[in-house]
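Every chain is numbered from 1, with letters handed out A, B, ... down the list of sequences.
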Amino acid sequence: MAVRVQVEDFDLGMELKQLTDGNHAIGGLCSFVGLVRDMTKTDDGEMTRSAAMTLEHYPGMTEKMLERIETEAHERWPLESSLIIHRYGRMDAGEQIVLVAASSAHREAAFEACHFLIDWLKTKAPFWKVEEDESGKENWVEARDSDDQATERWNKN
Amino acid sequence: MAVRVQVEDFDLGMELKQLTDGNHAIGGLCSFVGLVRDMTKTDDGEMTRSAAMTLEHYPGMTEKMLERIETEAHERWPLESSLIIHRYGRMDAGEQIVLVAASSAHREAAFEACHFLIDWLKTKAPFWKVEEDESGKENWVEARDSDDQATERWNKN
Amino acid sequence: MKILYFAWLRQKIGTGEERKDIPANVTTVSQLVDWLRSEGDHYADAFKDTSAIKVAINQEFADFNATVQSGDEVAFFPPVTGG
Amino acid sequence: MKILYFAWLRQKIGTGEERKDIPANVTTVSQLVDWLRSEGDHYADAFKDTSAIKVAINQEFADFNATVQSGDEVAFFPPVTGG
């Protein structure tokens, strides 16, 4: 179990390798990486090119919430290892923003836990995105109903 | 889109990197790696240590089925990239057996497609596992009902 | 009381963090918001529509009718958009 | 006809691939299995319980009542266990 909140990019291959190295009880590792897209939705709902985005967070509360989300995943599924890395600061299109990963003896637990980690993180971790369009104008990204629904899904268990 | 059936191990980090490099329409990449566990179920349903396993496959039909599964995923979800690597031959505990991965603008499509790839592969790709216990005795792994049910799930769409 | 603002609330109010002595009759988040609105136009503007604002007390999500005390860390922010 | 055997079927029959001239009255997978059983004890043993055996004709999954022809590639194997 580990949570990291950092400005620096991460080495996806190395991070995933460390989650399984030496643990032969692991049958499956599921991971999800979120990346900066170069398209963004404006206030009028139009899609437009975005040059970059900046992620702001609430130091202290962020780590606390991410640790709680990870702990919750371990309580719900029999996991062998897990990891959450979330970056903040300015990022260009194509850059990695977030990594969540979970391993287990069986694939279903790994998949569900990984999906749960990103769904909960999306509505419970205090991060905010501001996107810059090509003219340099900043737009604060609005929370999406679909993210609330994705979080809801895990309450029905 | 790519399918590879090989004896050699694969570099997970490099494979995943190539699935997103230069494509800024990608918002999420989901991947699953299956690994050799050191525990195996005997004929009487007991768990016992296994030293290694060997995967046999049906050359020609394997590639055809994997390509069909990948094509089906692209028809069902708006994917930007995908990859299936499946190894065959002898493998020790801890080794990587299989990688499935899918990327999309949105995380839900990436997750569902990745989950679909491994579920379908489990019941439709012609691979067979034989495990060696510590005494050197070989046990052919039996197909699991839970894998059939996991495949069924995707028929309901 | 330590009060934090994030995202567009930080931009509208012009600071991310401030310490304020709160009147004794301010005992809930709602009362704190009402009092802040009276502190200046940028507060009034930022807190115009609280339906789009979330609050955390001592780094825990809370409701607008939750109790606040002078030693608390209270944070205001829009719905989160990480991941 | 090219006939392939995988996993424990291959082990029981003692070969993974063979070419056989099939009698003219063998036109379905079931008839092929019946005929193979008559070819020797190892075939009879391997095909004792066909409920645990799958078949593919020309690399496509098929049923036991599917039609087979002399030019076909027919493969017998247990349920798959990859991944």
Side-chain angles (χ1 to χ4, degrees), chain B residues 5 32-37 40-41 43 53-69 84-89 91 96-100 114-131 138-148 150-151, chain D residues 1-20 22 28-30 32-33 36 41-83:
Chain B
V5 182
F32 176 82
V33 180
L35 301 120
V36 182
R37 289 201 299 151
T40 175
K41 204 179 261 177
D43 296 342
M53 57 151 243
T54 301
L55 263 158
E56 176 176 334
H57 79 117
Y58 184 170
M61 183 169 171
T62 305
E63 292 80 357
K64 188 196 272 189
M65 292 307 292
L66 294 180
E67 279 161 16
R68 198 176 293 170
I69 291 165
I84 303 176
I85 302 179
H86 205 304
R87 294 175 64 200
Y88 63 95
M91 287 165 236
Q96 305 179 119
I97 306 168
V98 61
L99 165 65
V100 295
C114 185
H115 207 160
F116 168 85
L117 287 175
I118 191 71
D119 281 350
W120 265 37
L121 182 158
K122 280 264 177 189
T123 60
K124 293 177 194 286
F127 286 95
W128 301 273
K129 274 187 196 123
V130 61
E131 293 176 330
E138 288 191 341
N139 294 299
W140 287 98
V141 175
E142 283 195 42
R144 298 187 309 164
D145 288 343
S146 61
D147 285 333
D148 288 331
T151 298
Chain D
M1 182 179 290
K2 184 174 171 185
I3 310 181
L4 307 179
Y5 310 100
F6 292 98
W8 54 259
L9 271 140
R10 174 179 52 72
Q11 291 182 320
K12 287 195 176 184
I13 289 167
T15 183
E17 179 175 338
E18 57 186 352
R19 292 193 171 270
K20 279 190 176 281
I22 305 301
T28 69
V29 173
S30 287
L32 175 61
V33 168
L36 284 169
D41 285 352
H42 48 304
Y43 289 104
D45 181 39
F47 286 105
K48 201 166 52 193
D49 176 14
T50 51
S51 72
I53 297 175
K54 303 282 183 187
V55 63
I57 302 172
N58 299 323
Q59 306 190 351
E60 296 286 345
F61 286 109
D63 294 321
F64 273 63
N65 51 18
T67 304
V68 289
Q69 291 174 309
S70 62
D72 286 343
E73 175 178 309
V74 180
F76 294 101
F77 44 76
V80 303
T81 57

Is it the backbone or the side chain of B/R144 that comes under 4.5 Å from a heavy atom of chain D, or both, or neither? neither
Any donor-acceptor pair under 3.5 Å from D/S30 side chain to D/F64 backbone: yes
For chain D, which candidate among B/R68, B/E138, B/M65 shows the most heavy-atom pairs at distances under 4.5 Å? B/R68
Examine distances only and state if a side-chain atom of B/E56 and a backbone atom of D/A7 form a donor-acceptor pair shorter than 3.5 Å. yes
Which residues, numbered in order, of residues 43-58 of chain D come under 4.5 angstrom of chain B by heavy-atom distance? D/A56, D/N58
Using a 4.5 Å heavy-atom cutoff, which residues in residues 71-83 of chain D come close to chain B? D/E73, D/A75, D/F77, D/P78, D/P79, D/V80, D/T81, D/G82, D/G83
Taking atom CD of D/Q69 as the centre, does the number of heavy atoms from other residues, nucleotides or ligands within less than 6.0 Å exceed 12? no
Chain D contact via B/K64 - which portion, at a heavy-atom distance below 4.5 Å: side chain
Those residues that, when tested against D/K12, pass side-chain hydrogen bond (donor to acceptor under 3.5 Å, both in side chains) (two or more places apart): none
For a quick test of reading the model, state the closest non-hydrogen atom pair linking B/P126 to B/M61 and the distance between them. CG-CG, 3.8 Å
Please give me the minimum heavy-atom distance between D/T15 and D/E17, naming the atom from each residue. OG1-O, 3.1 Å
Residue pair B/Q96 / B/I85, side-chain heavy-atom distance below 4.5 Å: no
Counting C-beta onward and ignoring hydrogens, is there a side-chain heavy-atom pair between B/R87 and B/L55 closer than 4.5 Å? no
Just wondering, do D/L36 and D/Y5 contact through their side chains at under 4.5 Å, heavy atoms? yes
Who pairs with B/F127 by ring pair (Phe, Tyr, Trp, His ring centres under 6.0 Å), at least two apart in sequence or on another chain? B/H57, B/H86
Side chain to side chain, D/V68 and D/V29, heavy atoms closer than 4.5 Å: yes
